[in-house]
Amino acid sequence: KQIINDENNNNFNQTQQTQIGFITYSDKIHYYSLKSNLSKPKMIVINDINDALLPIPANQIMTNLSESFELVDHLLTILPSLHDNDDDNISSENALGTAIECAFAAIKETGGKIICFSFGLPSLGKGKVMNRTTMLNDTNNNNINEYDKLLKRSN
């Protein structure tokens, strides 16, 4: 939040050109529309993490920071508590690969940077990674490649 405030205050000329968008993820992908004509951020949830299609046009996900500063500031204020009351849908799963693919699709036409914060190994969707200790201890796993066999301890 401090970076956005500094960007808005210190570099006003650049801020007029700065596009920003937000995607959060767990076992679902959450897009946030922050168009300046909205009164509050609009969240769109995608349950199918194997098909990384944008649910809305990229220009509704990416928004001009100077035009939508209040919405961005509001989203960053509520984001830490946004899913707190969602006890039925709390997930420890992580669809990082799919989230990155969705972010890339959102900036594909204009270019830009993707800044990602992750909470663990990607366990769902594209780029799924298995925990190495679980995989190496599973003697029935047919997906262990030669490199992983070399790392397995012998008894």
Side-chain angles (χ1 to χ4, degrees), residues 1-7 17-35 38 40-65 68-69 71-155:
K1 190 170 177 176
Q2 184 63 42
I3 294 170
I4 300 299
N5 287 329
D6 289 346
E7 178 75 15
Q17 298 173 6
T18 302
Q19 298 285 312
I20 191 166
F22 293 89
I23 297 173
T24 58
Y25 61 94
S26 58
D27 60 338
K28 300 175 181 100
I29 306 295
H30 309 94
Y31 293 90
Y32 300 90
S33 179
L34 300 167
K35 296 307 288 179
L38 296 172
K40 62 180 183 174
K42 178 180 170 186
M43 181 172 66
I44 299 106
V45 179
I46 303 299
N47 293 319
D48 185 4
I49 53 127
N50 293 314
D51 192 14
L53 296 175
L54 295 179
I56 57 177
N59 67 353
Q60 290 182 26
I61 296 170
M62 302 302 294
T63 189
N64 185 291
L65 179 57
S68 300
F69 181 77
L71 282 173
V72 171
D73 188 55
H74 180 63
L75 177 64
L76 291 174
T77 301
I78 65 170
L79 197 55
S81 61
L82 194 59
H83 300 285
D84 280 353
N85 296 330
D86 206 6
D87 291 337
D88 294 336
N89 295 322
I90 290 177
S91 173
S92 63
E93 300 293 343
N94 180 329
L96 173 64
T98 304
I100 294 289
E101 188 174 57
C102 294
F104 177 74
I107 67 167
K108 183 170 55 174
E109 292 179 23
T110 59
K113 294 180 184 177
I114 297 173
I115 300 173
C116 175
F117 300 96
S118 183
F119 61 88
L121 291 175
S123 57
L124 294 173
K126 310 257 171 127
K128 174 182 172 180
V129 177
M130 291 183 68
N131 186 334
R132 182 173 298 277
T133 56
T134 302
M135 187 173 72
L136 292 177
N137 290 333
D138 183 4
T139 56
N140 296 325
N141 188 347
N142 296 326
N143 295 324
I144 299 176
N145 64 31
E146 294 301 315
Y147 180 75
D148 290 328
K149 287 179 184 177
L150 290 174
L151 294 175
K152 188 173 183 179
R153 287 188 269 173
S154 60
N155 293 335

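Computation of the quantities below employed the complete heavy-atom set of this structure, encompassing side-chain atoms and omitting hydrogens, waters and symmetry-equivalent molecules. All values derive from a computational prediction rather than experimental measurement.
- Atom CG of residue Leu75 and atom NZ of residue Lys40 lie 12.5 Å apart, to the nearest 0.5 angstrom.
- Looking at every heavy atom in both residues, Lys126 comes nearest to Thr98 through N-OG1, 3.1 Å.
- The closest side-chain heavy-atom distance from Gln19 to Asn64 is below 4.5 Å.
- Of all heavy-atom pairs between Leu71 and Leu34, the closest is CD1-O, 3.6 Å.
- Interatomic distance, Leu76 CG to Leu82 CG, rounded to the nearest 0.5 Å: 11.5 Å.
- Across Ile49 and Ala95, no two heavy atoms sit closer than the pair CG2-CB, 4.1 Å.
- With hydrogens and angles ignored, the 3.5 Å screen pairs no side-chain donor or acceptor of Ser68 with any backbone N or O of Thr63.
- Closest approach of Ala99 to Ile23, counting heavy atoms only: O-CD1, 4.4 Å.
- Ile61 and Ala106 make their closest contact through CG2-CB, 4.3 Å (heavy atoms, listed as atom of the first residue, atom of the second, distance).
- Among all heavy-atom pairs drawn from Ser33 and Ile56, the shortest one is CB-CD1, 4.0 Å.
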Pairs under 3.5 angstrom only: tabulate donor-acceptor contacts from the side chains of residues 109-125 to other protein residues two or more places apart or in another chain.
unit_1: Ser118; atom_1: OG; unit_2: Tyr25; atom_2: OH; d: 3.4
unit_1: Ser118; atom_1: OG; unit_2: Asn94; atom_2: ND2; d: 3.3
unit_1: Ser118; atom_1: OG; unit_2: Gly120; atom_2: O; d: 3.2
unit_1: Ser123; atom_1: OG; unit_2: Glu93; atom_2: OE1; d: 2.6
unit_1: Ser123; atom_1: OG; unit_2: Asn94; atom_2: N; d: 3.0

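- Of the inter-residue distances, the one linking Lys108 atom NZ with Leu54 atom CG reads 8.0 Å to the nearest 0.5 angstrom.
- Partners of Lys35 according to the salt bridge (charged side-chain N to carboxylate O under 4.0 Å, His left out) rule, which considers only residues two or more places apart in sequence or in another chain, do not exist here.
- To the nearest 0.5 Å, atom CD1 of residue Ile20 and atom CZ of residue Phe69 are 9.5 Å apart.
- Put simply, CE on Met62 and CZ on Phe22 are 9.0 Å apart, with the number rounded to the nearest 0.5 Å.
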